[in-house]
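Step one of this worksheet: look at the structure below.
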Amino acid sequence: MTKLEIRPGFLFLCGMGLLFCGADTALCAFIAAFCHELGHYLASLCFGGRLERLTFNWRGLEMRVSYPGITDYFCDGFCALAGPGVNLLLGFGTAFSAVSELGFTFAGTNILLGLYNLLPLTGLDGGVIADSVFKSFLGYSAAEKACRVLEISVSASLIIAGVWLGAKSGNFSLLLFAFALAFGGVKKRFAVEKRVKP
C-alpha cells in the first residue's frame, strides 16, 4: 500500500508560493511538480516499479519506487530523465500554443522545473543521470570521482553567478539558492557514501 506523507515544509512552501508568486503561479508549479513525478512513475512502470511512498515536503513532491529486481544504470538514468523530460515537453508544447497569460506561466514553470532538475547535482535528477552515464562508461570508482568534480564545478559556477548577480542587482536569491543546493548535495552525497562504505 502506498504511504502518503505531508510534511510541514510543504505547507511552508505553499504559503511562500502564494505570498510571493500568487495563486496562479503556485497552482502551475504544483501541477508541474505533479506531472514531473508522474513522468518518473510511468517510466518506472516499464521496469516493474511499484510506488511505495509519496511525500510532500519543502522540495515539492517526491516519491519512492521499489523494483522487483536489481536495477541497472540504464533504468536509473531513464527513470530520472523522464521527470524533467515531461516538464520540458509540456513547457515547450504549451509555450507554442498558449494564448493566455496563465498558459505562458504554466509553460515557464514547467521549463524552469525541467531545467532545474537537470542540474548534475546530488539529490536532483541530473545527478542521477550523470551518475548513470559515468558508471556505464567509466566504472564505479572513476565515475564517483567524475561526479564529484562535476558537482563541485556546477556548484561553484552557480555560487559565482549568484555573487555576480547580487553585486549587479542587489538580488542575492540565486546565491542563496546555490548555497542551498550545494549544502543539500554534499549532505546527500556523504549520507550515500556512509551507507555504502564497507
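Here the structure is a predicted model, which means the values were calculated and not measured. The analysis underlying the following values was restricted to heavy atoms, covering all of them including side chains, and did not include hydrogens, waters or symmetry mates.
Here the closest heavy-atom approach between residue P84 and residue H40 is recorded as CD-CE1, 4.1 Å. Pairing each heavy atom of L102 with each of C28, the nearest pair is CD1-SG, 3.7 Å. Nearest approach of M63 to Y41, heavy atoms of both residues: CE-N, 3.0 Å. Across every non-hydrogen atom of P68 and G48, the tightest pair is CD-O, 3.1 Å. Looking at every heavy atom in both residues, V86 comes nearest to C35 through CG1-O, 3.6 Å. Closest non-hydrogen pair, A143 versus K135, comes out as CB-CG, 3.3 Å.
Distance check, rounded to the nearest 0.5 Å: CG of L51 to OG of S44 gives 7.5 Å. The OG atom of S136 sits 8.0 Å away from atom CG of D72, with the distance rounded to the nearest 0.5 Å. Summarising the geometry, atom CG belonging to D76 is positioned 8.5 Å from atom OH belonging to Y73; distances are rounded to the nearest 0.5 Å.
Listed by chain and number, the residues in a side-chain contact (heavy atoms from CB on, under 4.5 Å) with V154 are L119, P120, L121, L150, L158 (sequence neighbours excluded). Shown here are the side-chain contact (heavy atoms from CB on, under 4.5 Å) partners of A107, two or more places apart in sequence or in another chain: T94, A95. The side-chain contact (heavy atoms from CB on, under 4.5 Å) test applied to L176 returns no partner, not counting sequence neighbours. Partners of N110 under the side chain to side chain donor-acceptor pair (under 3.5 Å) rule, at least two apart in sequence or in another chain, are N87. For S153, the side chain to side chain donor-acceptor pair (under 3.5 Å) criterion is met by no residue, not counting sequence neighbours. In this view, S169 and L165, N171 satisfy the side-chain contact (heavy atoms from CB on, under 4.5 Å) rule, not counting sequence neighbours. In terms of the side chain to side chain donor-acceptor pair (under 3.5 Å) criterion, residue partners of R7 (sequence neighbours excluded) are, by chain and number, E5.
When the side chains of ILVMFWY residues are joined at heavy-atom separations under 4.5 Å, either directly or via intervening members, I6 and F34 end up in a single hydrophobic cluster. Hydrophobic clustering, with ILVMFWY side chains joined whenever heavy atoms are under 4.5 angstrom apart, keeps L112 apart from L38. One hydrophobic cluster holds both L124 and L113 under the rule that ILVMFWY side chains link at heavy-atom gaps under 4.5 Å.
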Exercise for the section: Test side-chain contact (heavy atoms from CB on, under 4.5 Å) on D131 and E144 and set out the steps. Expected result: CA-CA 8 Å; D131 188 68; E144 283 294 305; 3.7 Å; yes
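Its side chain within the 4.5 Å cluster rule, L115 clusters with L81, L88, F92, F96, I111, L118, I129, V133, F137 among the Ile, Leu, Val, Met, Phe, Trp and Tyr residues. Clustering of Ile, Leu, Val, Met, Phe, Trp and Tyr side chains at separations under 4.5 Å leaves V128 isolated, with no partner residue. Taking Ile, Leu, Val, Met, Phe, Trp and Tyr as hydrophobic and joining them when side-chain heavy atoms fall under 4.5 Å apart, one finds F104 isolated, its cluster having no other members.
Within the 4.5 Å cutoff, the side chain of R148 has no heavy atoms near those of the E151 side chain. Taking the side chain as every heavy atom from C-beta outward, F134 and Y140 never approach each other to under 4.5 Å. By the 4.5 Å heavy-atom criterion applied to side chains, D125 and H36 are counted as neighbours. Residues R53 and S66 form no side-chain contact, since every pair of their non-hydrogen atoms from C-beta on lies 4.5 Å or further apart. Looking only at side-chain heavy atoms (C-beta outward), L27 and F106 stay at 4.5 Å or farther from each other. Counting heavy atoms from C-beta outward, T105 and T25 have side chains that approach closer than 4.5 Å.
Below 30°, between 30° and 60°, or above 60°: for F78 and F74 the angle between ring planes is below 30°, a parallel geometry. Aromatic ring orientation, Y67 versus F47: perpendicular (interplanar angle above 60°, classes split at 30° and 60°).
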Less than 3.5 Å apart, which donor and acceptor atoms pair up between the side chains of residues 9-23 and the rest of the protein, not counting sequence neighbours?
none

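Note on residues 154-168: no pairs pass side chain to side chain donor-acceptor pair (under 3.5 Å), not counting sequence neighbours.
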